Every structure is written in structure tokens, then in C-alpha cells.
Amino acid sequence: MKAVVLKAFGGVANLELQSVPDPVPGPGEVLLRVRGCALNHLDLWIREGLPGSKVKTPHILGSDVAGEIAGRRVAVHPGLCCGACPACADGRESDCPDFGIIGAYGGSPGGCAEALAVKAAHLLDIPAGLSFEEAASLPLTLLTAWRMLKTLGEVGPGQTVLVIGAGSGVSVAGIQIAKALGAAVIATTSDAGKVERAKALGADHVLLAPPADLAREARRLTGGAMVDVVLDHVGPALFMDALKCLRPSGRLVTCGSTSGPKVELDMRYVFSRQLRVIGARMGSLAEMREAWKLVTSGAVRPVVDRVFPLAEAAAAHERLASRGQFGKVVLSL
Ligand SMILES: [Zn+2]
């Protein structure tokens, strides 16, 4: 089969279209004919060499996969776990010591290839009307945003969610999930071109180039109530400003820190307002199935920025690294 192989950690020049042996399915696995594979920032980090990852080169990237098996159109839950430890038994699969993501953590090969062996139990049927590329754009960010907002953020009707950085995959899923859960959404973006697109997804207010006093804007837009939950994946650039937007007992849920690894935290806000800062790492198969119902119902629509053929994987990586995208960058096979 053809696959894009990462020959060594480093730049996009290390991605090469090669012919490699077809994968052989193990116990409980089936062979998927891959038709679409979406990129995540995780792919860029793994490509550059991520400390703590078990990935060794040569390696095939790609965590978000859709394709077909004997005519059945499916997307794939990207999580991997041992299934036997206390965390797995407790439904906390992303706490499993053997937690992995297809094509990333754990070192298993990913979907930038014509075929991929996947767990039969992890298949998600693609609703009619969605293309393979659209379906591939969903699983990882949909699941991450679902766990952040529903499971950890406890978002419900009448609440307000502040979504930081409106154009990312997690954010475009988060805006739609928050609306589906009955919440109002305030989103931020530094790109004027993303304002109307975020509103079209359901954001009630979009703050362009987040103002110096974000909390004041949040107070104005919520009639003084402040926001219940912040969805963050940006980190230090807006962390303290976002924290100040929370109401007492509000939650800031974070799944990433793209503007750097360290934040300054004024502890007085945390204890006096009884805030919670919660880390999130993807989610479980059970959460994936719950979140996928929003795809089946049409409440969450895929947002595809651009589709590249598999052979142009390097250009796709550059598109994602540019941060100019709105929604997902997808490879088509
Ligand atoms: Zn486990």
C-alpha cells in the first residue's frame, strides 16, 4: 500500500510517500480501507519529536481516520488503552498507563496510509450526507471538546461558555457542542476573517483581538453573571484573562497550551472564587459514542478548512502550522 512515512523527526521534508507492506489485523481488529485522514496539532508535535512519546521512526502519522470496510462507511474512535487496569475499569481510559492515540502516543501506525488495522469495537457509522473527508475531520476534536464541556465542564442549559481561539478544531466542535447543550457561547479570535464563521457555527458573541480587559467584556455580555466554563487550548496568551471571566465555582478546562507551556496563576482568584482548573485528554469510547450522536443528529457539523491529496501531506502540515485555518485540514485517499 501507499503511505506517507515520517522518515526521521523534524521538518515536513521528512514526510515521504512510500510503498510499504499492508498492515495485518490483530485479534479484535479489522482492516480499514482509509479514505480520509485529518491532521491535528499532535501530528506536528510528533513529527518534530515529542518528549515522552513512544513513537519511533519510520512512522505513519494520522489519528483521525475514516474509510470503508466491505461497503460500510465508518470513522474510527482514536483512543487506545489496555482495557484491564483500574482506570479503564472506571471508564477513565485516558488515565490508563497504556493510553494511546492511533498514529501518535503509544507508537501504533496511523491513517496516512491506504489501509489501517483498527479495533472493530471502535467503528462509528458515518451518517448519509457526510463525505469521508468530513467524517475524518471529527473524532479527536469532537471527543476532546465533548469531554471538556459535558463531562468535566458540566455545561448545561442557561450557562455561558467562553471558547478561546475560535478557529481551531477543538473550538469549532466546542462551539457547536456548547450550543447543543443549551449554553450561550462567547468566542475569541485574533483573525477578523474568522468572526462570521464562528457566528455561523452558533457563537452568540465573537470578540475580535481579545480586549485588554476580557473580564469586563464577559461581564457586559453576560449581564454581570460572568461565564460558567472556559474552553482553552491556548494557554499563557490568555490564561489569566480567561480565568477572570469565570463566575464563582466556574471551571476552566484545558486540553492544550499552544502559546507556551507555562502560565502565571493568581491563586487569589482560584480560592476566593472557588474556581476549578481542569486538564482534559481526549476521552473514552463511551464518551465518543455519546458525542457521535450529535454528528448523527446533525447538531455538530464537520468544518473542513482544506482537503489535500495524500501525496501533499507536507503542504497540509504547513497549512496547519500556519494557524490560518478555520476547521480541519484533511488528507484525501
Ligand atoms: Zn488501562
Side-chain angles (χ1 to χ4, degrees), residues 23-32 34 37-38 40-43 45-46 49-57 59-67 69 74-113 116-125 136 138-154 169-170 173-174 177 231 233 251 253-257 261 276-295:
V24 179
E29 291 184 337
V30 290
L31 195 63
L32 180 75
V34 179
C37 182
N40 291 281
H41 274 281
L42 184 58
D43 297 81
W45 296 330
I46 299 271
L50 186 65
S53 158
K54 294 175 187 165
V55 173
K56 292 187 173 60
T57 55
H59 175 70
I60 300 171
L61 290 163
S63 304
D64 268 328
V65 189
I69 300 171
V74 292
V76 181
H77 168 59
L80 303 168
C81 62
C82 79
C85 72
C88 285
D90 198 26
R92 294 180 289 109
E93 289 153 34
S94 50
D95 287 341
C96 174
D98 292 332
F99 174 72
I101 297 175
I102 293 172
Y105 297 104
S108 73
C112 291
L116 180 67
V118 297
K119 298 272 186 212
H122 288 192
L123 302 180
L124 307 158
D125 285 303
L138 288 164
L140 202 153
T141 49
L142 173 80
L143 173 55
T144 302
W146 174 261
R147 178 168 173 77
M148 291 172 80
L149 295 176
K150 181 70 167 72
T151 310
L152 301 171
E154 301 169 13
V170 169
I177 290 168
L231 181 147
H233 47 81
R251 290 82 67 195
V253 192
T254 171
C255 69
S257 198
R276 282 183 271 163
V277 176
I278 309 170
R281 189 190 198 196
M282 219 170 67
S284 69
L285 177 59
E287 288 171 310
M288 182 83 249
R289 294 208 178 282
E290 282 301 306
W292 198 255
K293 288 178 186 171
L294 297 180
V295 176

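Note that this is a predicted model, so its numbers are computed, not measured. Order of appearance sets the numbers: ligands from 1, and atoms from 1 within every ligand.
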Test your reading of the model: is there a side-chain donor-acceptor pair from E287 to the backbone of W146, 3.5 Å cut-off?
no
State whether the side chain of S63 and the backbone N or O of I102 hold a donor-acceptor pair below 3.5 Å, judged by distance alone.
yes
Using atom types as modelled and distance alone, determine if a side-chain donor or acceptor of D98 lies under 3.5 Å from a backbone N or O of C82.
no
Report yes if some heavy atom in the side chain of W292 is under 4.5 Å from a heavy atom in the side chain of L138; otherwise report no.
yes
How many protein N, O or S atoms are found at a distance of less than 2.8 Å from the Zn ion (ligand 1)?
4
For G153, does its backbone N or O pair with a side-chain atom of R251 as donor and acceptor, under 3.5 Å?
yes
N/O donor-acceptor pair under 3.5 Å between H122 side chain and P78 backbone
no
